[in-house]
Each structure stands twice: as C-alpha cells, then as structure tokens.
Amino acid sequence: MTTRQKKHLWTAVHLLICILIGFVMAYPLLWMVGAAFKQNGEIYNNSHIFPRGEWVLTSWRDGWYGVGTLHFDTFIKNSILVVVPNVLFTILSCTLTAYGFARFRFVGKKIFFMLMLSLLMLPNAVIQVPTYILFRDFGWLNSYKPLIVPSLFASSSFLIFMLVQFFRGIPKDLDEAAIIDGCSSMGILVRILVPLCLPAMVSAGLFQFLWTWNDYFHPMLYLNSTNLYTVSLGLRMSLDATTGVQWNNIMAMSTLSILPCVVLFFCLQKHFVEGIAAGGLKG
Amino acid sequence: MTQSKFRLFLRNNKGFLFILPWLIGFLVFKMYPFFNSLYYSFTKYNLMKAPAWLGLDNYIRIFTKDKDFVPSLLVTLRYVILVVPIKLLLALLVAMLLNRTSWVMNFFRTIYYLPSIVGGSVAVAMIWRVLFSETGVVNAFIGTFGIQAQTWLSPSLALFTISLLNIWTFGSTMVLFLAALKGIPKDLYEAAAVDGVPRLTVFFRITLPMISSIIFFNLLMALVNAFQEFNSALLITGGGPLKSTYLYGYMLYDNAFVSYKMGYACAQSWILFAIILVLTIVIFKTSDKWTYYDDGGDF
C-alpha cells in the first residue's frame, strides 16, 4: 500500500469508529422516541428503534392525561415557573460577581476568590440538612422559593469561574478607553463586556437551565403538594401511580420532558460547546 | 466621620459592590449551613425538638454500631473506582479521535455531548430501567450474538449498570480534553515529526504533559461528583437489590429525610467530606510532580 492509500484507509476507519460511538451514545435516546410510538408489548424482547407493528399515537394523549387529576400541562407550567426566573437570576448575579472578580481590585479579593473556588470541592451533602432546616425556618417549604431565591445570590461557583475566565480574555484597553470617555463601571459592563461575552453568558444560562430543568432531588425535597410538582416529579409520579405500567406512555412523556433541553442545546450548541471550551478552563 | 470613611472605602473597593450578592449568598446559604452542619453533627436532632448535645456519640455510633455505614462506603468506593478511571480514559481517547478540524468532527462532538445534557434526568433513568430489564433491549441485543441474557439489575450487576449511566455522560469531560488538545502548539508535534519520534513517545512526552492540568481538574471533579452521586440509584434501583447500590449519598438522604435523624446524617456527611478532603489534598500535593502549567496562573 502506498502512503496515500494508507491515509485514505485510516480516514475511513476513523470515520467508522466515530459513527459507531455516535450510535451507542445516541441509541438510548433514539430508542426512547421510538418506544413512544410502539405498542406496549413491542417494547420488550427486541432492540429495534422504530416500531415494526402499528405506530401508536395514543401513548402521547394517555401519557399526558395519565396521572390522576393532574396532567402534564400543570407540570410543564410549574417547571417553567421555577426554571425561567432561576436561569435569569443566575445569569444576572453570576455576571455581576464575575465582573467584580475579573476587573477590580478590592480588600480580600484573593481570599473571596479562593473561597468561591473551594466551594467546588464542598459536597452538597454537608450543607443539605442545615439548608433544609433554614428554608423550613423561613417558611419556604412546599413553595418554589428554595428553588429560586438562591439563584439571586450567584450560587454556582462553576458558572462564576467560567465567566471570570471569559472576562479575563477581553483586553482591558477597551475598559480604559471607555473610562476616558466618561463611562461608569456599570456602563463598561453593560455596553462593552456583555455584548462581547454573550456566548459565555448563553452557555452559563443553558447550563443552569439543564441543571434546573432535569433536577429531581431538590424539587422532591422541598415540594409536597402534587399540584406544585415539576416535570421530573410528575414523570416519576406517573410511574408510581399506575400498576401494570404502560411503558409507551412513560416513554412519550419522557421524550417530552427532555425535548426542551435537546432543542435548546441544538439551537445554542455552537455557543455552548465552544463557550465551555474557550472560557471554561485555561489555567 | 465614619460615613465619609465608608464612602471612601467603597470608592476604592468598587468591585466589592459587584460581588456583594455572591457574598451574601455565600454567608447565608453556604457558610451558615456549613457551620450549622458541624454543630448538628454533635447533636441528636429530629426536627421536632431542639438539637440535644451528644458530643462524639454520633461519630462513635457510626464507626461501631452502624450496620449500613461500612457496606455503603464500600459500595461507593466500588462505584468511584468503576466510574472515574473509565470515564476519564474514554473521554480522553474520544477527544483524541475528534481532535481534527472539520464540520464532521463538530457534528460528532455535539452527538457525544448529548447524553451529558440529559444524564441526570428522570427520563434517562426510566430508559435505563427498561433497557436493562431482564426481557429488555440490552439482553435482546446481546442475544443476537448468542450471549446469554444477564440479570442487569441483580445484586452482582446493578452497581455496574448504574455506573454505565454515569460513564455514558463522558461528553462533558471530553469537551474539556478536546479544548486542551487543541491548545497544544502545533510546532511541538512538527519538531517531533522531524526528529522521527515514535507516536507512543509523542503521546507520553508531549500530549500528556501538555494537558496534565486539565487531567488534574477533570480527575478532581469526577472524584468529587462520583462520591456524592446517588440520583441514579434513587431513580433506578432504589438502593437495592440487597443494598448493592446503596450509595453513601443515598444513606445520608435516608437518615436525614426519611428517618429524620438530622444530627446523625450531618455526622455522616462530615465523614464523607473528610474523605473527599483528604483525597483532594493528596491529589493537589502530588500534582506538582505530574502537572505542567505553561502560564504561572495570574491570581
């Protein structure tokens, strides 16, 4: 074989491996979508994605209305009520904090920054119990406050760090020119840094969206009334509520529950993946 | 005048105002619970009555009388040992596979990332339950190759099955490796090619040292996360069968929010914290020897 032939062969093998891994990665999700259209009996004992028998559409309706008196419109509305404020507050508070850390000198900055980063290593389990008790003392149990209020206070070290790294990548000359033109600190942030850091802010928002939307543990901990349930809790409930589970209904609602994540990810993926890669970790 | 002094302080420390929301959140939602947790860990507290001081009793009981503590810790260790090395290795290998510029590679990067965005969801837990059930898809698939059906959610395999879920989400780790690989200066490789250095040597002498700081970060984060993980056990196996997936976090949750033994759970959480802290320190201390930073870090 010539070197050229070898190179072509390697390119083909390389592509084949990529496709194979891609198939394994995507298979569970593709299977889920297919299973939503299968008859309940066809879900087991085979591994094909598309239904071989009749395509079933009733699973979507039955899944939607599946759980007693509550339907998925309630769960979706509830999830939106939690996730939208949470994401907006997170972007706002994390951007302000990151700006403070990236662009100013002040007393105790190094210590605060170290503390902020070391929170990455603190297991959530350590503060979970006292946090629960704190929220109980505030009278916040069985409301959305425990799921929303902390996001006003830049609660994610990971996102702050990501934004700090991004801000640092933008030359300070721009700030200095703006100061000479009489721009205030807030003006610099809003007029110069935010437009330049939009990809990073979008990534931060998307991260927070995915975490909050998919979160099962915290809503489960803080919400008791089923009419407050988010999509995650509703989905789990629909499994427990019925005996002789109709898996096609569950798979239809599972598909629905991750649809917003997948759609947002594909719309924003250019910003997202490159945002983490570029801003995430340089040192 | 104190007021003008205060104004002067603010003028010189404007950045302080910007981090104020974070600082308030840090004190109220992190530090206050943190020290409270330490205090509760020395008390008996069931939410109904005020905490009653026990001294070291909780800790002594955990190490001498608790029938779940050691088995649960061992399950967690097995989970960590199963997940962390495989996930990191897979992430690195696949990142190397994708490390070339073309839109096809960007497409695959997106696909490989997909599991990471839905990995923790209830939906994926549901999928796992069906895929790995006895008459499920995985058994049907391996059956076509003549492999005998396995009981994936049995005491001997259940931990492995939920580990697979975590490993499946290697995409987020991979993206960081990929960014690091792309950051390695090309001329290093060109120089090695001119000298005719074998590929394996290039990998161990150039690639690995150049991305060592990201390996360090990914290792640390993967360890910290794997030690705490129990979401998949909660949703897929319920900690069973025979407590074979009764991860440490699950035990904490049970003690705190099912049995309402708040003080006891806090003590257990501090033991977990101590384990993670010791591991972190060990990794940090040894990292000087195996990580390379091209910039000194500017903070």
Side-chain angles (χ1 to χ4, degrees), chain A residues 17-18 21-22 25-26 28-29 31-32 43-47 93 96-97 99-101 104-107 109-110 112-113 115 119 121 123-127 129-131 134 150 152-155 185 210 214 216-217 221 232 235-236 239 247 250 254 257-258 261 265 269 273 276-277 280-281 283, chain B residues 13-16 18-19 21-22 24-26 29-30 33-34 36-37 40 94 97 108-115 117-118 120-123 126-127 130-131 135-137 140-141 175-176 178-179 214 217 224 228 231 235 249 252 256-257 262 265-266 269-270 272-273 276 280 293 295 297 299:
Chain A
I17 296 171
C18 287
I21 298 173
M25 298 301 278
L29 299 174
W31 179 85
M32 169 187 69
I43 285 177
Y44 287 97
N45 286 319
N46 67 67
S47 57
S93 61
L96 284 176
T97 307
Y99 179 54
F101 277 129
F104 295 92
R105 290 181 179 282
F106 52 88
V107 180
K109 171 171 142 171
K110 264 190 189 177
F112 288 137
F113 195 72
L115 283 172
L119 281 184
M121 307 294 155
N124 193 44
V126 174
I127 57 172
V129 165
T131 308
L134 186 71
L152 273 169
F153 299 97
S155 55
S185 318
L210 297 172
N214 288 329
Y216 169 75
F217 182 69
L221 206 57
S232 302
L235 191 58
R236 177 64 204 238
L239 181 71
W247 279 104
I250 302 267
S254 294
S257 76
I258 63 166
C261 301
F265 173 66
Q269 66 102 2
V273 181
I276 327 163
L281 294 146
Chain B
N13 296 281
K14 235 186 237 167
F16 200 76
F18 285 100
I19 68 153
W22 169 80
I24 294 169
F26 175 72
F29 297 125
K30 308 278 177 175
F34 182 74
N36 249 345
S37 172
Y40 289 146
V94 176
L97 210 60
F108 283 121
R109 187 183 61 183
T110 309
I111 298 296
Y112 297 173
Y113 199 88
L114 210 52
I117 69 167
V118 294
S121 66
V122 177
M126 298 287 177
I127 299 174
V130 187
L131 289 185
T135 52
V137 174
F141 179 73
V175 172
L176 297 178
L178 192 57
I214 294 291
F217 178 84
V224 173
Q228 298 184 67
N231 200 44
L235 287 166
L252 282 175
F257 299 107
M262 295 295 181
C266 282
S269 76
W270 277 82
L272 178 70
F273 183 41
I276 293 179
T280 308
Y293 290 91
D295 54 339
F299 243 85

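Excluded from the calculations below are hydrogen atoms, water molecules and symmetry mates; all remaining heavy atoms, backbone and side chain alike, are included. Each chain gets a letter, A, B and so on, in the order the sequences are listed, and its residues count up from 1.
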Is the shortest side-chain heavy-atom distance between [X] and [Y] below 4.5 Å?
X         : Y         : answer
Pro130(A) : Cys266(B) : yes
Ser257(A) : Val122(B) : no
Leu97(B)  : Ile21(A)  : yes

Among the listed options Pro21(B), Gly136(B), Gly120(B), the residue most often paired with chain A at heavy-atom distances under 4.5 Å: Pro21(B)
Best-contacting candidate, Leu252(B), Leu272(B), Val130(B), Leu178(B), against chain A by heavy atom pairs under 4.5 angstrom: Val130(B)
Main-chain N/O of Ile117(B) paired with Asn214(A) side-chain donor or acceptor, under 3.5 Å: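 It does hold such a pair.
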If you measure from [atom1] on [X] to [atom2] on [Y], what distance do you get to the nearest 0.5 Å?
X         : Y         : atom1 : atom2 : answer
Ile111(B) : Met25(A)  : CD1   : CE    : 9.5 Å
Phe217(A) : Phe257(B) : CZ    : CZ    : 6.0 Å
Phe265(A) : Leu114(B) : CZ    : CG    : 6.0 Å

Heavy-atom pair with the smallest gap, counting every atom of Arg236(A) and Met126(B): CA-CE, 4.0 Å
Shortest non-hydrogen contact between Ser47(A) and Ala140(B), atoms and distance: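 Shortest heavy-atom separation between Ser47(A) and Ala140(B) comes out as N-CB, 4.2 Å.
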Residues forming a side chain to side chain donor-acceptor pair (under 3.5 Å) with Asn45(A), sequence neighbours excluded: none
Side chain to side chain contact (heavy atoms under 4.5 Å, CB included) involving Leu96(A) - partner list, sequence neighbours excluded: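 So Leu96(A) forms a side chain to side chain contact (heavy atoms under 4.5 Å, CB included) with Met186(A), Leu189(A), Phe18(B).
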Interface moiety of Leu235(A) toward chain B, non-hydrogen atoms closer than 4.5 Å: both
